[in-house]
Amino acid sequence: MKFYQNLKIGNKLLLINIIPASLAMLILVTSIAAIILLSSRNSLIQEITNQAYMLGESLAASIAFNDFQSAETILAALHWSPHIQQVVVVDTAGKIFAAYPRSPVDGFDQTASVSDYFTEIRVQHVIQISTQTLGEIYIDATLDPIYLQLRKFALFALLALIVACALGILMLKRMQLNLIRPIVELTDYMRMISSTNDYSLRFHLGNNDELGELATGFNAMLDKIESHRINLDHELLRRKEAESRLHQFAYFDNVTRLPNRHYFKERLENIVNATLKHNTCCCVMLIDLDDFKHVNDTLGHHVGDELLFAVAQRLNQDLREGDVLCRIGGDEFAMILENTQNTRQVELIAERVINKLSLPFMLSGKEVFIGASIGASFCPDDTTDIPTLLRNADNAMYSAKNRGKNHCLIYKPEMETKSMKRFTLEHALRRALEQKELFLLYQPLIDIHRNQVIGFEALVRWRNPSLGMINTSDFIPIAEEIGLIVPIGEFVLRTACAQMRDWKNRYGFEGIISVNISGRQLTKPGIVENIAAIAQTAGLPYQQLMIELTESILMDHSQETLDKLEKLNQLGFSIAVDDFGTGYSSMSYLKRYPLKSLKIDRSFIADLPEKSNDVAITKAIIAMGRSLGMKITAEGVEAPQQLDFLIKHQCDIVQGFYYGAPMSAEQAERFITGTPPPKPDKN
Ligand code: C2E
Ligand code: MG
Ligand code: MG
């Protein structure tokens, strides 16, 4: 059966045709042979019976006269018969009288019947004269000559069968060709398609029969496979794209197109392992942009993003083969330098980075300056532990920042304490507001021409139970960095306004309260409404509130800042430029914004009137401010000669230790209640 199943379809068809035909022929031949056999046997019986009769007639006289010789002569004539095997004549006594062949068969048993129906026959005939029985004649004949004939017939039939089969096969083959060819071709197509994967091939067959239907079905199947394949290809492509996008998201930063923190960590682990294995040295360099937040806050996030991209481009230019550059945080980049020789080599790379980044960036048509603080740590010199290596580089970077930025420092163990200090401060600052550790001091603003207190600047202070008093220069930058300056600023504004209301209620004081607002606060949506609401809640007329903004905030030429300042101005608030002269060189913003006051930074006042440069700058600032219709305040006035100079050069207001350092509300009240501020000592 297996053999049949494995046959090709053409051969199967041949077998189907040939086997039944052959069987039929075989049955036919066998039937004919059987018929021939039976009829030949019957004819032979008839013939032998006739012969027995005739012999009986001929032998009757021989027996009657006991002439067995003539009997044998008669019998000898039987030699021509191919069938006769033996003839025995017995007398009435049962004794053999004569036999053919001459020597009678031993032990002839006249009672025995023929042993095999299909091989021999026996005919018995009674020999009589008149009615007297003389004896009997037995003739045994063989069927062999018949079988010989049959064998010849069978041979002929076989030959005829073979010829018929051969002819049949030839004819069938020709007839099958029409039937099988399309199937074979279809199979070939199928093989070709599965080996080439070309599903665009189609099988064309003109038949309207089942084969035609099969071909149409086959083509329809190919259509489906092809469309599924196209869909699958699309799907695979989409998946690949999604995978690569995921990979991009997982390992790359969108803004700079640099590898991200995730990638950095994996790469660092590999490089550190290789370094330890090959006994070499590697270095992690953390690069933090100085004042990036400021650019973001003042020029907007899109400019911030542009800056980050441009920084990444510049950093990329200096990379050695094998070095890795990643963006690992907002304004933080990291470099992994493999096979570093010594600290000097790293310092030189860092210097190059700092120099490159200190060149101006042209972003959205504006010139932007930025610096970078760099910290570096070595493996295995400093540590072989990756988290420690990163912490070391971080500590070094923060130390560089505290050094005044645009610096690179290589990690040293003593840096740990400084970074711990920052960590402790940040942690404590987060709880300072709710723990009520913040409070305000007030520094008097003196109208030098009338020698009179016209108001106060509110300055925030932080006293922590365990850390003690913390300098504003230590915690304000942290508060700005982590965003806490927004709630702290609100607290200052609310407390200062409430204090003014209290002083108005108790002393009728209606002076100015000057409050510092950071860039981060100003960018908050709704800040104008918030300031107005706080002043209103405190019952403080808007005219009494002066908002101090640093130059850097005003350098943001965005429409948003302009709108906010215009709105504040329209509501009646005054806006002052704090620390004037320390920020940017461009002064175009002075005309753009509705500014009421300029506060000259104390660095210009400190060496007055000795330092000619400061004299020139201060005079110029006063002249310029006045020409723009602004009130001029001098900060950090400590000495009478400074005051003299300022009076002489038409400065309006002074603020400084000379009149009073920042003081508590109670101390400030003494100024309000009329205890005159100390007169400048002219001598
Ligand atoms: P600023 O707004 O320019 O404040 C004036 C700073 O000069 C104050 O330092 C004040 O104590 C100091 N000062 C005043 N007179 C003299 C003087 O005669 N000699 C010297 N050497 N210093 C004098 P302070 O209070 O440490 O504040 C430093 C800076 O911190 C402030 O500079 C301001 O930018 C910021 N700041 C203070 N309070 C706040 C606040 O509530 N919000 C925000 N955003 N910033 C604040
Ligand atoms: Mg100020
Ligand atoms: Mg100032």
Practice prompt. Examine the side chains of Q452 and D447 and answer whether a donor and an acceptor come within less than 3.5 Å of each other.
Written response: no
Worksheet item: Are side-chain N/O atoms of E457 and Y442 paired as donor and acceptor at under 3.5 Å?
Response: no
Item to complete: Could you verify whether a donor N or O on one side chain and an acceptor N or O on the other, from Q655 and K599, lie under 3.5 Å apart?
Response: yes
Discussion item. Any donor-acceptor pair under 3.5 Å linking the side-chain atoms of S373 with those of D290?
Written reply: yes
Discussion item. Tell me if the centroids of the rings in F671 and W503 come within less than 6.0 Å of each other.
Written reply: no
Fill in: S364 and E306 side chains, donor-acceptor separation under 3.5 Å
yes
Worksheet item: Side chains of S358 and N355: do they bring a donor and an acceptor to under 3.5 Å?
Response: no
Worksheet item: F361 ring centre to R314 NZ or CZ under 6.0 Å, with the angle to the axis within 45°?
Response: yes
Worksheet item: Using the ring of each side chain (for Trp, its six-membered ring), is W462 parallel, tilted or perpendicular to F475, with breaks at 30° and 60°?
Response: perpendicular
Worksheet item: When you check the side-chain N and O atoms of N395 and R391, is any donor under 3.5 Å from an acceptor?
Response: no
Discussion item. Is the ring pair F252/Y263 parallel, tilted or perpendicular, if the boundaries are 30 and 60 degrees?
Written reply: tilted
Discussion item. Using 30° and 60° as the class boundaries, would you call the ring planes of F423 and H427 parallel, tilted or perpendicular?
Written reply: parallel
